[in-house]
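Working notes, structure below.
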Amino acid sequence: MERDVLAGDPVEIAPLLLGKILRSGAVAARIVEVEAYRGAGDDASHARNGPTRRNSSMYAPAGALYVYLCYGVHHCANVVCWPKGVPGAVLLRAGEPLAGMAEMATRRRRVAPGDMTELCSGPGKLCEALGIDLDLDGADLVTGARDVELLDDGFVPGSVRSGPRIGLGDRRASRSEPWRFWDPTSPHVSR
DNA sequence: AGTTTGATTGGCT
DNA sequence: GCCAATCAAACTC
C-alpha cells in the first residue's frame, strides 16, 4: 500500500483498509473488521494524554505498525495514520485467513483443526495467528522491511457496515461514535 | 507507593 | 453470564 493513502484521518482510512491484506512472514489475512482511533481528541485513544512508552509508535509516520499488550495478555495491531507527529491509528480487529493456515492453527493451538473462523476473528486472535507481538511494534508496513506489510490486491468488499466501537468503558464520551467498520458478509468478523 | 482500569480471550457455572 | 490471566497507564493518596 502507498503511504499517502494512509496519511489522513483514521475515521476515513479505516473503511478503506477493509479488504486489504496483512502479511507477516508466510502468513496472511484479509482484513474484515477495523476500528478508528483519532488520537489527541479521542478520549478512547491511547494517545489521548500524549506520548507514553507504550504508544510512541503512534507518533511515527503513516504506515507504521503500532502493537500494544492488551489486558497484559494479548497483543493488538494498529495501522498508524496522519503525518509524523500526529497520533492516530486504525485497530485491525479481524481477518479472513488467506495463507499459512497450518501455521496459524499451530499458533492458535486451542482452536479445533479446520475451524477457519476461529483463527483471526478478533484483535488478539489476529495477532496470535500472524505471530505479531511487541517485537514488531513500529515496523513500517509500507516498505515491509521487517517482513510485515499491507498489500492491496484490488479486492473491494461488497458491503461495509459501521457502528460503535467494542469494549470501551462506560465513561468514554466517544463510546457511541460509529468508528467501527466491518464487512457484514464475512464469517470472520469478531463476535 | 498502592489501587484501579482496560481497544480481550477462553474456560467454567 | 461470570471470571481469571497479567501488565502498563492512569488515578488516588
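Residue numbering restarts at 1 for every chain, and letters A, B, ... go by the order of the sequence lines.
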Handout entry: Stacking of A:Tyr37 on B:dA7 base (centres under 5.5 Å, planes under 30°)
Key = yes

Handout entry: Sub-4.5 Å side-chain heavy-atom contact between A:Leu17 and A:Phe181
Key = no

Problem - B:dA7 to C:dG1 separation - C1' atoms, rounded to the nearest Å - result: 22 Å

Handout entry: Atom pair distance, as rounded to whole Å: CD in A:Glu33 and P in B:dT8
Key = 10 Å

Completion exercise
Considering only heavy side-chain atoms of A:Lys125, the closest of C:dA9, B:dT9, C:dA5 is B:dT9

Problem - Length of the line joining A:Asp43:CG and B:dA7:P, which is rounded to integer Å - result: 10 Å

Exercise for the section: Taking only the side-chain heavy atoms of A:Ile166 (C-beta and beyond), determine which of B:dG6, B:dA7, B:dT8 contains the nearest atom. Expected result: B:dT8

Handout entry: A:His75 NE2 to C:dA8 P, straight-line distance once rounded to whole Å
Key = 11 Å

Handout entry: Interatomic distance where CG belongs to A:Leu65 and P belongs to B:dA7 [whole Å]
Key = 18 Å

Problem - Options B:dA7, C:dA5, B:dT9, nucleotide nearest the side-chain atoms of A:Val73 - result: C:dA5

Problem - Under 3.5 Å: donor-acceptor pair, side chain of A:Arg165, backbone of A:Ala36 - result: yes

Handout entry: Length of the line joining A:Arg109:CZ and B:dG11:C1', which is rounded to integer Å
Key = 13 Å

Handout entry: Nearest listed nucleotide, side chain of A:Arg110, among B:dT9, C:dA5, B:dG11
Key = B:dG11

Fill in the blank from the handout: Of the candidates B:dA7, C:dT6, C:dA10, the side chain of A:Thr52 sits closest to C:dA10

Problem - Nearest to side-chain heavy atoms of A:Leu168, which nucleotide of B:dG10, B:dA7, C:dA10 - result: B:dA7

Exercise for the section: If C:dC7 has a Watson-Crick or G-U wobble mate with both distances under 3.5 Å, name it; if not, just say none. Expected result: B:dG6

Practice task
Select from A:Leu126 and A:Arg54 the residue whose nearest nucleotide in DNA chain B is closer to the 5' end of that strand.
Solution key: A:Arg54

Practice task
Please state whether the phosphate of B:dT8, meaning OP1 or OP2, lies under 4.0 angstrom from any side-chain nitrogen or oxygen of A:Arg93.
Solution key: yes

Practice task
Give the nucleotide from the list B:dG11, B:dT9, B:dT5 with an atom nearest to the side chain of A:Pro123.
Solution key: B:dT9

Exercise for the section: For A:Arg172, answer base if it contacts any base atom (sugar-phosphate contacts may also be present), sugar-phosphate if it contacts only those atoms, and nothing otherwise; contact means non-hydrogen atoms under 4.0 Å. Expected result: sugar-phosphate

Problem - Out of C:dC7, B:dG11, B:dT8, whichever nucleotide has its closest atom nearest the side chain of A:Leu69 - result: C:dC7

Problem - A:His74 NE2 - C:dT6 P separation (whole Å) - result: 11 Å

Handout entry: Nucleotide B:dA7, atom C1' - distance to OH of A:Tyr66 in whole Å
Key = 9 Å

Exercise for the section: Indicate yes or no for a side-chain donor-acceptor contact from A:Asp42 to the backbone of A:Arg48 under 3.5 Å, with no hydrogens or angles considered. Expected result: no

Handout entry: Common cluster, A:Trp179/A:Leu92, ILVMFWY with side-chain heavy-atom separation under 4.5 Å
Key = yes

Fill in the blank from the handout: Assert: residue with more 5' nearest nucleotide on DNA chain B, out of A:Arg191 and A:Tyr68, is A:Tyr68

Handout entry: C1'-based separation of C:dA8 from B:dG10 [nearest Å]
Key = 22 Å

Practice task
Quickly work out the A:Glu128 CD to C:dA5 C1' distance and round it to whole Å.
Solution key: 14 Å

Practice task
Ignoring hydrogens and angles, tell me if any N or O in the side chain of A:Asn55 forms a donor-acceptor pair with the backbone of A:His46 under 3.5 Å.
Solution key: yes

Exercise for the section: Assess the side chains of A:Ser190 and A:Glu33: does a donor N or O sit below 3.5 Å from an acceptor N or O? Expected result: yes

Exercise for the section: Can you figure out which of B:dG10, C:dA9, B:dA7 approaches the side chain of A:Arg53 most closely? Expected result: C:dA9

Problem - N or O in side chain of A:Asn49 less than 4.0 angstrom from C:dA10 OP1/OP2 - result: yes

Practice task
Tell me what A:Arg175 touches on the nucleic acid: a base, only sugar-phosphate, or nothing, going by heavy atoms under 4.0 Å.
Solution key: nothing

Practice task
Could you pull out the closest heavy-atom pair between A:Pro123 and A:Leu91, with the gap in Å?
Solution key: CB-CD1, 4.3 Å

